[in-house]
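Atoms considered below: every heavy atom in the structure, side chains included; atoms not considered: hydrogens, waters and symmetry mates. No experiment lies behind these values; they were computed from the predicted model shown.
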Amino acid sequence: QRSNGSCEPMVDSLPCPLMIAPSTWIKRYWKWLLPSVVLGIIGCFALGSLASLLDVFRTVRGSAVYDQAWQQVHNHASIQIELGTPIMPGRLFSGQFHGNEASIVFNMSGPHGKGTVQSRGRRVNGIWTLIGLRVYARGINGEQQFIIIKPLDLTTTPLNNGANGP
């Protein structure tokens, strides 16, 4: 290349190289950058959802209603006979907490079968008490229902003294 900037071939020299503008990293790798950003956003959303779900599971499983229901069911002689021992809690469960009322459903299993536990609890003066506990078991005697704590009639409360209307 001559000093005046022209690119005319010289007699004893090689032809001028093509002048290519340097490209930026983003221009070279945009095909990888865009999917990486999208996957990163989706991954952050998935991790946040998983953390929230685990927090809900920890709240339900750590509740007094769950603990009381599990102790009652785990130590119940008829259920031990039906499902066998040891009885283990299931991994999935559901629960609802509305003010001073709670409802939790969870699975359990033993060597001879499986069962589903439905429990209801009420909080009075900060203390949770089971007001209903029912177990559906599928064990050595087929399907059976055990009502360990009969549910209270929630329409009869001290506030309405059993009156169902105005």
Donor-acceptor pairs under 3.5 Å, side chain of residues 78-90 to any protein atom, not counting sequence neighbours: which ones?
{"from": "Q80", "atom 1": "NE2", "to": "H74", "atom 2": "O", "distance (Å)": "2.8"}
{"from": "E82", "atom 1": "OE1", "to": "N141", "atom 2": "ND2", "distance (Å)": "3.0"}
{"from": "E82", "atom 1": "OE2", "to": "G139", "atom 2": "N", "distance (Å)": "3.3"}
{"from": "E82", "atom 1": "OE2", "to": "I140", "atom 2": "N", "distance (Å)": "3.3"}
{"from": "E82", "atom 1": "OE2", "to": "N141", "atom 2": "N", "distance (Å)": "3.0"}

**Asked** How long is the gap from CD1 on I42 to CG on L47, to the nearest 0.5 Å?
**Response** 12.0 Å
**Asked** Roughly how far apart are W128 CH2 and F97 CZ, rounded to 0.5 Å?
**Response** 6.0 Å
**Asked** Quick one: CG on N75 to CD on Q72, what's the gap to the nearest 0.5 Å?
**Response** 8.0 Å
**Request:** Not counting sequence neighbours, which residues clear side-chain contact (heavy atoms from CB on, under 4.5 Å) with V124? List them please.
**Result:** R122
**Request:** Can you sort out the partners of T116 under side chain to side chain donor-acceptor pair (under 3.5 Å), two or more places apart, ordered by chain and number?
**Result:** N107
**Prompt:** Of all heavy-atom pairs between M108 and V73, which one has the smallest distance, and what is that distance?
**Reply:** SD-CG1, 3.2 Å
**Request:** Name all residues meeting the side chain to side chain donor-acceptor pair (under 3.5 Å) criterion together with R123; count only those two or more places apart in sequence or in a different chain, and write none if there are none.
**Result:** N100
**Request:** Heavy atoms only: give me the nearest S109-K114 pair and the separation to one decimal.
**Result:** CB-CG, 4.0 Å
**Message:** Test of understanding: with side-chain contact (heavy atoms from CB on, under 4.5 Å), list the residues that count as partners of Q118, not counting sequence neighbours.
**Reply:** V105, R134, Y136
**Asked** Restricting to pairs with a member in residues 33-52, which pass side-chain hydrogen bond (donor to acceptor under 3.5 Å, both in side chains), not counting sequence neighbours?
**Response** none
**Fill in**
Sorted by chain and number, sequence neighbours left out, side-chain contact (heavy atoms from CB on, under 4.5 Å) with A69 holds for F106, S119, L130, L133
